[in-house]
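The block underneath contains the structure these notes are about, expressed in structure tokens.
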Amino acid sequence: MKLLITGGAGFIGSNFVRYWLEKHPGDSLVVLDKLAYAGNLENLAEVADKIKFIRGDICEPLEVLKAMEGCDTVVHFAAESHVDRSIKDPGVFVRTNVLGTLVLLQSAVTCGVKRFHHVSTDEVFGQIDLSSSERWTEESPYNPRSPYSASKAGSDHLVRAYYQTYGLPVTISNCANNIGPYMFPEKLVPLAITNVLEGKKIPVYKPGNQVREWLYVEDHCSGIEAILEKGKTGQTYFIGPDNPEYSNLEVINKLLKIMGKGEEFIDFVGDRPGHDQKYALDHSKISKELGWQPRYGLEESLRKCVAWYEANREWWQKVKSGEYLDYYEKQYAKR
Ligand code: NAD
Ligand code: DAU
């Protein structure tokens, strides 16, 4: 099989590339990535001689067509992915996430790819009340509430439209919050771990009672593998963990305990505008139909993350410089 992996130099994409090569050593992998701020060739250093890397923009039809030539499968990770950045600069989210996905879909039709897998998020469904025990299913209505989730919802709709209108063999996965190695330290968990390792406090958006579901990135990769191998085209599958419900504050306290630190490392800061209160996915479809189950619980996932960031200081210290410092200053200055 020859796969085109878009966004393969980012967090989840690079984990997927390593996962796939280990499980499917006979396959050829082409990675197309613009190396935007979260894209980093060091994320692929271990496998650099086993893949073809193309630096290119998914919004550029000619670059995309060239990269896709001869590929039978596309796994589409490339995106602008951070909610806080989407609040400050929504335009680039619409360009990359909506227009970029459209360009890829058009090329996939032209190239006659056998499977286009689109990687999406639980955030497209909006938010659940903190007091509610509702869990979304693949049939739940879309109700995005941030520029990021609205742009991802737009991309999901385009993928579905290409299945209905042009018969492109697509699948979609909507996944919960991932954590793991090579995660850009602007997102809560790697930001918290690296701040504590630097002796800095963790900015927790008040009041810290918001709820997310946390999935170890390897489980996301195995979920996508199950969909590529056994999923039905035209279908959407949820990928999420089996953990009990934890608030952000509970997750941060677990992390602090693992790191041997106390609550003095918590800094309550002003909330994110339009902050989604809670996400909760019912992943029984992928489990029943494709036999997929998450392997890691939250405690083990957090321990693995702490161990990785402790062992890879050079990676994140380099990442937390330059543009990052500017971003951090602006993001947290007046909160
Ligand atoms: P990331 O920000 O770490 O990586 C995104 C990658 O896309 C980077 O390598 C970047 O350089 C690349 N990219 C950005 N714009 C591009 C363009 N125009 N052309 C080519 N490449 C471009 O993101 P991530 O956390 O790895 O997320 C990957 C995908 O998974 C995204 O589609 C995201 O919406 C989805 N997702 C993420 C999570 C999560 O918790 N991180 C959960 C569910 C779904
Ligand atoms: O749910 C899947 C989504 O998870 C993905 O689609 C996104 O790409 C990914 O970024 C993530 O979005 P979140 O907004 O949930 O992740 P983030 O790590 O930014 O925030 C997690 C929670 O922590 C959220 O409730 C906001 C809060 N938070 C975040 C930051 C950055 C804080 O309290 N303080 C912070 O400094």
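Numbering of ligands and ligand atoms starts at 1, following listing order. All values below come from the heavy atoms of this structure, side chains included, with hydrogens, waters and symmetry mates left out.
The shortest N or O to N or O distance between Trp214 and ligand 2 is not under 3.5 Å. Taking only nitrogen or oxygen atoms, main chain and side chain alike, Ala78 does not reach within less than 3.5 Å of ligand 1. When only interatomic distances are considered, the shortest N/O to N/O separation between Phe11 and ligand 1 falls below 3.5 Å. Inclusion of Cys59 in the set of residues having an N or O under 3.5 Å from an N or O of ligand 1 is not warranted. Checked against a 3.5 angstrom limit, the closest N/O atoms of His275 and ligand 2 fall inside it.
Summary of contacts: the protein heavy atom closest to atom 41 (N) of ligand 1 is Ile12 CD1, 3.6 Å. Nearest non-hydrogen protein atom to atom 29 (C) of ligand 1 is Phe77 O, 3.2 Å. The single protein non-hydrogen atom nearest to atom 1 (P) of ligand 1 is Ser81 OG, 3.6 Å, given as residue, atom name and distance.
Heavy atoms of His76 found under 4.0 angstrom from ligand 1: none, in either backbone or side chain. Looking at His82 against ligand 1, nothing comes within 4.0 Å, counting heavy atoms. Both the backbone and the side chain of Asn178 come within contact range of ligand 1, each with a heavy atom under 4.0 Å.
Close to ligand 1: Gly56, with a non-hydrogen atom less than 4.0 angstrom away. Ligand 1 is approached by Tyr148 to a heavy-atom distance shorter than 4.0 Å.
Arg135 forms no cation-pi arrangement with Phe238, by the criterion of a distance under 6.0 Å to the ring centre and an angle within 45° of the ring axis.
Proximity of a side-chain donor or acceptor of Asn253 to a complementary backbone N or O of Leu249 within less than 3.5 Å is detected.
Classification of the Tyr205-His275 ring pair by plane angle, with boundaries at 30° and 60°, yields perpendicular.
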